[in-house]
Number of protein chains: 2
Amino acid sequence: MTVTEAAAERLIRIGEVARGAGVSVRAVRYYEQQGLLIAERSPSGQRLYRQDAVPLVRFFQQMFAAGLTSRRITELLPCWDAGHTDAEQRAMLRAERDRIRAKIDDLQAALDRLDEVIAITDTHP
Amino acid sequence: MTVTEAAAERLIRIGEVARGAGVSVRAVRYYEQQGLLIAERSPSGQRLYRQDAVPLVRFFQQMFAAGLTSRRITELLPCWDAGHTDAEQRAMLRAERDRIRAKIDDLQAALDRLDEVIAITDTHP
DNA sequence: CTAGAACCTGACGTTAACGTCAGAGGCAAG
DNA sequence: CTTGCCTCTGACGTTAACGTCAGGTTCTAG
């Protein structure tokens, strides 16, 4: 993408970001407050986003669903958009991965117990 | 187990339940407040539990980790200790199972994205 | 020009499973 | 009897990601 094209990129407002990502407008403002998402401002003060803000917000949702806090996501954002990582960030990445793995195992165990009960209650009407 | 043996079962106090299950004393009191765990009382008012309270509390923890609320657990408890279920309870069991499955999928997707980044940052020191 | 949709900045409310503190009793050992 | 640990009730505090409301400005279609 050239500089000319980047300068010509159509900017979108907060409502379009929210609808595109399937979240509330309030949530998008919250992400900015937490330092996750930076927006330009129109002369009248309205937030203006680049179009890649939509998949970015979707990514935030995915990380939230995985149990990462907004603070942790801000600390790990450089790993994505710059590719730059120091030792501390790599350690955090691995820690989060291990935590998610452990949580998957916990959920699987709970799922097995539920399936067990469901099987029993289905055969004993 | 005979009636005589049941009557002779050694009752334990709240601290032993908590230590045995790996939770805080406060948590055990909370479970009683939410109707999850019923305790006898000593003449002086101290809570007395049967020994199977320990695995029961562990079970609560597992369900909490799977995202069930204490309210939902109380609604589903009869499915375990009585084996009795009505249509509503069976529907709730399936709904929880489906929710947990969906969450496992979400976590797995997030895990894949993290592993991807970890692989990249490891090959680009 | 005007109505209505969309946007703005605060700021308080929500939820669940506990943590924590205060003040007061209870229980076994020496 | 007293020391020290355990237990009691009651009540306020915590956390994260928003929801919701108030009161005001801005954009846009007709």
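Quantities reported herein were computed from a predicted structural model and do not represent experimental measurements. So you know, we letter chains A, B, ... as the sequences are listed, proteins then strands, and number each from 1.
- Taking only side-chain nitrogens and oxygens, A:Y30 comes nearer than 4.0 Å to OP1 or OP2 of D:dA17.
- At whole-Å resolution of the value, CD in A:E32 and P in D:dA17 are 16 Å apart.
- For C:dA16, neither phosphate oxygen OP1 nor OP2 lies less than 4.0 angstrom from any side-chain nitrogen or oxygen of B:S70.
- With respect to the salt-bridge test (charged N to carboxylate O, under 4.0 angstrom), the residues A:E96 and A:R99 qualify.
- Distance A:I14 CD1 to C:dA6 P: 13 Å, rounded to the nearest Å.
- In this structure, B:R13 reaches the sugar-phosphate backbone alone: every heavy-atom distance under 4.0 Å involves primed, P, OP1 or OP2 atoms, never a base.
- The aromatic rings of A:F60 and A:Y31 sit perpendicular, their planes meeting at an angle over 60°, well past the 30° parallel limit.
- The 5' end of DNA chain C is approached more closely, in terms of each residue's nearest nucleotide, by A:S44 than by the other of B:Q34 and A:S44.
- Within the nucleic acid shown, B:L48 has no heavy atom closer than 4.0 Å to any nucleic acid atom.
- If you check every strand for non-hydrogen atoms under 4.0 Å, A:R41 touches sugar and phosphate atoms only.
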For B:E75 and B:R72: C-alpha separation, side-chain torsions, deciding distance, then whether salt bridge (Lys or Arg N to Asp or Glu O under 4.0 Å) applies. CA-CA 5 Å; B:E75 291 167 343; B:R72 189 65 84 197; 3.1 Å; yes
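- Between B:S42 and the phosphate of C:dG26, there is no side-chain N or O to OP1/OP2 separation shorter than 4.0 Å.
- Distances from the side chain of A:R29 to the nucleotides C:dT9, D:dT9, C:dA17 place C:dT9 closest.
- Side-chain atoms of B:R26 come within donor-acceptor range of the base of C:dT20, with a qualifying N/O pair under 3.5 Å.
- Positionally, the nearest nucleotide of DNA chain D for B:R19 lies more toward the 5' end than for the other of B:R19 and A:R71.
- Minimum atom distance to the side chain of A:Q46 is reached by D:dC27, of the listed D:dC18, D:dC27, C:dC27.
- At a threshold of 4.0 angstrom between heavy atoms, the contacts of B:Y31 are confined to the sugar-phosphate backbone, with no base atom among them.
- By the criterion of side-chain heavy atoms lying less than 4.5 angstrom apart, applied directly or through intervening Ile, Leu, Val, Met, Phe, Trp or Tyr residues, B:V28 is not grouped with B:L48; the two fall into different hydrophobic clusters.
- Taking atom CD1 on A:I12 and atom P on C:dA6, their separation rounds to 15 Å, with Å as the unit.
- Between the CZ atom of A:F64 and the P atom of D:dT15 there is a distance of 17 Å, given to the nearest Å.
- Remark: A:T69 is not in phosphate contact with D:dA17, judged by side-chain N or O atoms under 4.0 Å from OP1 or OP2.
- Rounded to an integer number of Å, the gap from A:I73 CD1 to D:dA16 P is 12 Å.
- Backbone-only contact: A:R47 has heavy atoms under 4.0 Å from sugar-phosphate atoms and none from a base.
- Taking a 6.0 Å sphere around CZ of A:R97, one finds it holds more than 12 heavy atoms contributed by other residues, nucleotides or ligands.
- A side chain to side chain donor-acceptor pair (under 3.5 Å) with A:Q108 is found for one member of A:D105, A:D112, A:D106 and no other, namely A:D112.
- Using a 4.0 Å heavy-atom criterion, one finds that A:Q61 contacts the sugar-phosphate atoms exclusively.
- Among the atoms of the strands shown, only primed sugar atoms or phosphate atoms (P, OP1, OP2) are found under 4.0 Å from some heavy atom of B:L68.
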